[in-house]
Amino acid sequence: MAPKADTQSAGAVAAVDASSQFSMDPLFHILKVVPYSFLRAPRLRLKIPSVFLPSAMTVFSLVLLTYFMVVSGFVYDVIVEPPGIGSTQDPATGAVRPVVFLPGRVNGQYIIEGLSSGFMFVLGGIGIVLLDLALDKNRARSVKVSYAIAGISSVVIAYVMTTLFIRIKIPGYLR
C-alpha cells in the first residue's frame with residue numbers, strides 16, 4: 001500500500017515558494033520585469049547550417065600533406081629553427097661550398113634536407129597508390145600499364161634517392 005501524501009506539508013512548501021517569489025529585492029525585481037514589459041524577443045528564422053563531407057580527393061590531399069609535413073621534420077624545423085642550408089670551407093681552395101645534408105648527425109637536419117627527404121617519402125607513397133590504381137579491372141589496359149610504369153618508377157626513384165641521402169648523411173653506412 002502506498003503511503004499517504006501529507007497535504008499540509010505540501011501546501012506549506014507551496015506557500016513558502018510563493019512568498020519567496022515576492023520577497024526578492026525590489027531593485028532586482030525592477031531590473032527583471034521592467035525591461036521585458038515593453039521589449040519583445042525577435043522572431044529569428046535561422047537555418048541549420050548544412051555540413052557536407054569533403055570529397056575523397058580532398059581527404060587524400062590533406063592526409064598526404066600532413067604525411068609530408070610529419071616526415072619532413074616540420075615540427076623540428078619550427079622548434080629548433082635550423083638554417084635552410086649549411087656551408088663548409090674547402091680545405092684545398094678555401095672556397096665556401098653549400099652543404100644540403102648535415103653530415104654525421106642523425107638527430108639534426110637542415111630545412112632543405114628535411115624537405116627533400118620528405119618529398120622522396122611522398123614520391124614513394126604516391127608510387128604505391130599508382131600501383132594500386134594499376135590493379136583496377138575497370139580501366140583500359142593502356143592506362144593500367146601507364147599507372148604501373150609510373151608507380152614502379154616512383155617507388156624505385158624514391159628508394160634509390162633515400163638510400164643515397166642516408167649514405168650522404170652517415171658516411172660509411174650500408175657499405
Side-chain angles (χ1 to χ4, degrees), residues 31 35-36 39-175:
L31 289 176
Y36 300 108
L39 292 177
R40 174 171 59 110
R43 289 182 182 254
L44 297 177
R45 294 184 180 151
L46 299 175
K47 293 181 181 179
I48 296 175
S50 61
V51 178
F52 59 92
L53 293 176
S55 68
M57 195 50 121
T58 304
V59 172
F60 175 73
S61 300
L62 289 175
V63 167
L64 195 66
L65 178 68
T66 304
Y67 175 70
F68 173 74
M69 292 177 75
V70 168
V71 299
S72 294
F74 182 76
V75 175
Y76 172 82
D77 292 341
V78 168
I79 293 173
V80 177
E81 297 178 2
I85 195 167
S87 61
T88 184
Q89 191 169 13
D90 190 12
T93 62
V96 177
R97 297 182 312 145
V99 176
V100 176
F101 291 93
L102 187 61
R105 284 193 54 205
V106 180
N107 60 349
Q109 71 178 16
Y110 295 128
I111 293 175
I112 298 297
E113 174 185 354
L115 293 177
S116 58
S117 298
F119 176 74
M120 287 302 141
F121 293 144
V122 168
L123 182 67
I126 289 174
I128 292 172
V129 170
L130 289 173
L131 287 173
D132 181 53
L133 289 174
L135 295 176
D136 189 10
K137 294 179 181 175
N138 297 328
R139 298 192 191 273
R141 188 173 192 283
S142 62
V143 174
K144 289 178 8 179
V145 169
S146 299
Y147 279 155
I149 291 172
I152 290 170
S153 302
S154 297
V155 170
V156 168
I157 290 171
Y159 175 75
V160 169
M161 292 303 292
T162 304
T163 306
L164 178 69
F165 290 169
I166 290 174
R167 286 185 180 166
I168 293 171
K169 182 86 171 161
I170 307 168
Y173 184 71
L174 295 176
R175 290 189 183 151

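Atom set for the values below is all heavy atoms of this structure, side chains included, hydrogens, waters and symmetry mates excluded.
For the side chain to side chain contact (heavy atoms under 4.5 Å, CB included) test, no residue two or more places apart in sequence or in another chain qualifies with Leu135. Taking Thr88 as the reference, Arg97, Val99 meet the side chain to side chain contact (heavy atoms under 4.5 Å, CB included) condition, with sequence neighbours excluded. Listed by chain and number, the residues in a side chain to side chain contact (heavy atoms under 4.5 Å, CB included) with Leu44 are Pro42, Leu46 (sequence neighbours excluded). With sequence neighbours left out, the side chain to side chain contact (heavy atoms under 4.5 Å, CB included) criterion links Ser142 to Ala140. With sequence neighbours excluded, no residue forms a ring-ring contact (aromatic ring centres under 6.0 Å, His included) with Phe121.
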Enumerate donor-acceptor pairs with a distance under 3.5 Å from any side-chain N or O in residues 150-157 to protein atoms, sequence neighbours excluded.
from   : atom 1 : to     : atom 2 : distance (Å)
Ser153 : OG     : Ile149 : O      : 2.7
Ser154 : OG     : Ala150 : O      : 2.8

Report, one line per pair, each donor and acceptor closer than 3.5 Å where one atom sits in a side chain of residues 52-66; sequence neighbours left out.
from  : atom 1 : to    : atom 2 : distance (Å)
Ser55 : OG     : Thr58 : N      : 3.3
Ser55 : OG     : Thr58 : OG1    : 2.8
Ser61 : OG     : Met57 : O      : 2.8
Thr66 : OG1    : Leu62 : O      : 2.8

Could you give the side-chain donor-acceptor pairs of residues 126-133 under 3.5 Å, partners two or more places apart or in another chain?
none

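Between Ser117 and Thr162, the closest side-chain pair of non-hydrogen atoms is not below 4.5 Å. Contact of the Pro82 side chain with the Ile111 side chain is registered, since non-hydrogen atoms from C-beta on lie closer than 4.5 Å.
Listed by first and then second residue, the ring-ring contact (aromatic ring centres under 6.0 Å, His included) pairs involving residues 144-170 are Phe101-Phe165 (not counting sequence neighbours). Residues in residues 148-165 take part in no salt bridge (charged side-chain N to carboxylate O under 4.0 Å, His left out) pair, two or more places apart or across chains. Here salt bridge (charged side-chain N to carboxylate O under 4.0 Å, His left out) pairs that include residues 138-153, with residues two or more places apart or in two chains, are Asp136-Arg139. Under the salt bridge (charged side-chain N to carboxylate O under 4.0 Å, His left out) criterion, the residue pairs touching residues 112-130 are Glu113-Lys169, with sequence neighbours excluded.
Note: Tyr110 OH to Ile85 CD1 = 9.0 Å, rounded to the nearest 0.5 Å. Residue Ile112 holds its CD1 atom at 13.5 Å from CG of Leu102, rounded to the nearest 0.5 Å. The distance from the CZ atom of Phe74 to the CG atom of Leu115 is 9.5 Å, given to the nearest 0.5 Å.
For Phe119, the CZ atom sits in a loose shell: 12 or fewer heavy atoms of surrounding residues, nucleotides or ligands are nearer than 6.0 Å.
Between the side chain of Gln109 and the main chain of Ser72, a donor-acceptor pair closer than 3.5 Å is present.
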